[in-house]
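For the numbers below, each heavy atom of this structure counts, side chains included, while hydrogens, waters and symmetry mates do not.
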Amino acid sequence: SLFVPAFSAYQTSIHPPYDTPTEEWAGWWLLLLGPLGILIGQFGWFANPLMLASALPIPRYLAIVFAGLATALAVSTVTLTSVPVADVKYVVRGAKLGFALWLGCPFLLLLAALVRPDGRKAAAPSKG
């Protein structure tokens with residue numbers, strides 16, 4: 001998802017020219033700019049560290065919690081309609097393959113957390 005276009009957008013500005021041709025943004029660029037989303041009330045980027053945490057060798061219930069939160073945050077990004085950059089606003093025109101790949105990741109991690117063994121060893125049968 002990092003090396004293919006994640007979404008397309010066009011630029012609007014308070015200065016001429018007011019609209020520009022559509023541009024495509026790669027996933028790696030969004031990964032770098034994502035934390036700034038909190039400035040516009042968009043917290044979807046924080047699904048990334050939660051996905052990483054859910055993939056670590058941690059107890060199953062924590063992996064489920066982290067993957068569930070990552071899924072909820074990732075799904076919240078479908079409401080993103082614009083990205084402000086200085087005095088320019090990029091209006092989101094559509095999602096691309098990179099976004100679909102990224103959006104699928106927390107769902108797969110949640111599924112993996114749900115089906116993986118919990119790591120506890122079965123009690124040995126008692127003799128006697």
Side-chain angles (χ1 to χ4, degrees):
S1 69
L2 292 175
F3 302 107
V4 293
F7 73 81
S8 61
Y10 65 92
Q11 182 185 131
T12 62
S13 174
I14 59 173
H15 306 292
Y18 297 106
D19 290 336
T20 60
T22 301
E23 300 177 24
E24 291 185 342
W25 291 24
W28 67 267
W29 185 244
L30 297 173
L31 182 64
L32 292 176
L33 292 179
L36 297 175
I38 60 173
L39 300 174
I40 60 169
Q42 179 55 254
F43 300 95
W45 181 88
F46 293 96
N48 294 313
L50 289 169
M51 286 189 280
L52 178 62
S54 73
L56 294 174
I58 57 176
R60 181 174 176 243
Y61 74 94
L62 282 177
I64 292 170
V65 168
F66 290 151
L69 289 172
T71 302
L73 284 172
V75 167
S76 76
T77 61
V78 299
T79 63
L80 185 65
T81 58
S82 65
V83 179
V85 179
D87 65 343
V88 176
K89 181 169 82 171
Y90 286 89
V91 177
V92 176
R93 183 165 293 228
K96 298 287 188 179
L97 177 62
F99 180 74
L101 292 171
W102 176 78
L103 190 59
C105 188
F107 285 99
L108 293 174
L109 287 168
L110 181 58
L111 178 63
L114 289 170
V115 299
R116 82 176 196 191
D118 65 1
R120 287 186 257 172
K121 297 188 185 230
S126 61
K127 296 181 182 180

Return a table of donor-acceptor pairs under 3.5 angstrom between the side chains of residues 105-115 and protein atoms on other chains or two or more places apart.
none

Show every donor-acceptor pair shorter than 3.5 Å between a side-chain atom in residues 30-37 and any protein atom, with sequence neighbours excluded, or say none if there are none.
none

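Among residue pairs with one or both ends in residues 24-52, those qualifying as salt bridge (Lys or Arg N to Asp or Glu O under 4.0 Å) are Glu24-Lys96; sequence neighbours excluded. The list of side-chain hydrogen bond (donor to acceptor under 3.5 Å, both in side chains) pairs with a residue in residues 43-58, not counting sequence neighbours, reads Asn48-Trp102.
With sequence neighbours excluded, the residues forming a side-chain contact (heavy atoms from CB on, under 4.5 Å) with Val91 are Tyr10, Thr12, Lys89, listed by chain and number. Residues passing the ring pair (Phe, Tyr, Trp, His ring centres under 6.0 Å) test with Phe46: none are found, sequence neighbours excluded.
A single hydrophobic cluster is seen to contain both Leu39 and Tyr90, as judged by linkage of ILVMFWY side chains at heavy-atom distances under 4.5 Å, directly or through other members. Taking hydrophobic clusters as Ile, Leu, Val, Met, Phe, Trp and Tyr residues chained together by side-chain heavy-atom distances below 4.5 Å, Ile38 shares a cluster with Trp29.
In the hydrophobic clustering, Val4 connects to Leu97, Leu101, either directly or through intervening members, whenever side-chain heavy atoms lie under 4.5 Å apart.
The two atoms that bring Ile58 and Phe66 nearest to each other are CD1-CD1, 3.6 Å, heavy atoms only. Between Thr79 and Gln42, the shortest heavy-atom distance links the atoms OG1-NE2, 3.9 Å. What you find for Ala26 and Leu2 is that their closest heavy atoms are CB-O, 4.0 Å. Minimum interatomic distance between Leu103 and Ala74 (heavy atoms only, all atoms of both residues): CD1-O, 3.5 Å.
Note that CD of Glu23 and CD of Gln11 are 6.0 Å apart. Values are rounded to the nearest 0.5 Å. Of the inter-residue distances, the one linking Phe99 atom CZ with Thr77 atom OG1 reads 3.5 Å to the nearest 0.5 angstrom. Of the inter-residue distances, the one linking Leu80 atom CG with Ile40 atom CD1 reads 5.5 Å to the nearest 0.5 angstrom.
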